[in-house]
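Note sheet for the following structure.
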Amino acid sequence: MGGRGRTRSRGARPQNGPTDAPPGTAVTRRLALLAIGTLLGILVVWLSVWFLPERSLQPPPEPEVETSSNTSPLRGEAMQLADRIVEDFPGTPEALYLRGLVLNRFGS
């Protein structure tokens with residue numbers, strides 16, 4: 001019973017049947033898929049360059065500072081309060097951050 005009933009020896013390649021692809025077809029198929037993928041990548045880049053909106057490299061415009069007469073008393077009060085908080089809590093980053101927010105909002 002050992003190995004007498006076998007028709008193929010170990011390690012032998014099967015014969016090419018009518019449904020098997022000829023040798024070298026796998027390499028050709030891979031090269032074709034690589035070429036198609038490359039062309040699709042180039043197409044995507046080209047479309048994104050031509051059809052996506054342009055992004056400006058200029059910095060955004062500065063917000064307008066309100067200069068009406070109604071903000072003048074409010075500005076003075078906000079600055080006094082921010083300065084008082086900085087004096088009450090010297091060296092704390094939160095107090096300095098609050099003062100920076102007030103300066104940013106009302107202008108320096």
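Position 1 is the first residue of the sequence, and the numbers go up from there. FYI, side chains are in, hydrogens and waters are out, and symmetry mates aren't considered; it's all heavy atoms of this structure.
Under the 4.5 Å side-chain contact rule for hydrophobic residues, F106 and L103 share a cluster. Following chains of ILVMFWY side-chain contacts shorter than 4.5 Å, one can reach L98 starting from F89, so the two form part of one hydrophobic cluster.
Atom-to-atom distance recorded for L96:CG and E94:CD is 9.0 Å, nearest 0.5 angstrom. Of the inter-residue distances, the one linking L43 atom CG with I36 atom CD1 reads 13.0 Å to the nearest 0.5 angstrom. Residue T38 holds its OG1 atom at 10.5 Å from CG of L33, rounded to the nearest 0.5 Å.
Taking all atoms of both residues into account, the shortest heavy-atom contact from A95 to V86 is O-CG2, 3.6 Å.
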Inset, instruction - Could you go through the side chain to side chain contact (heavy atoms under 4.5 Å, CB included) check for R99 and I85 one step at a time? - result: CA-CA 8 Å; R99 186 166 189 274; I85 290 175; over 6 Å; no

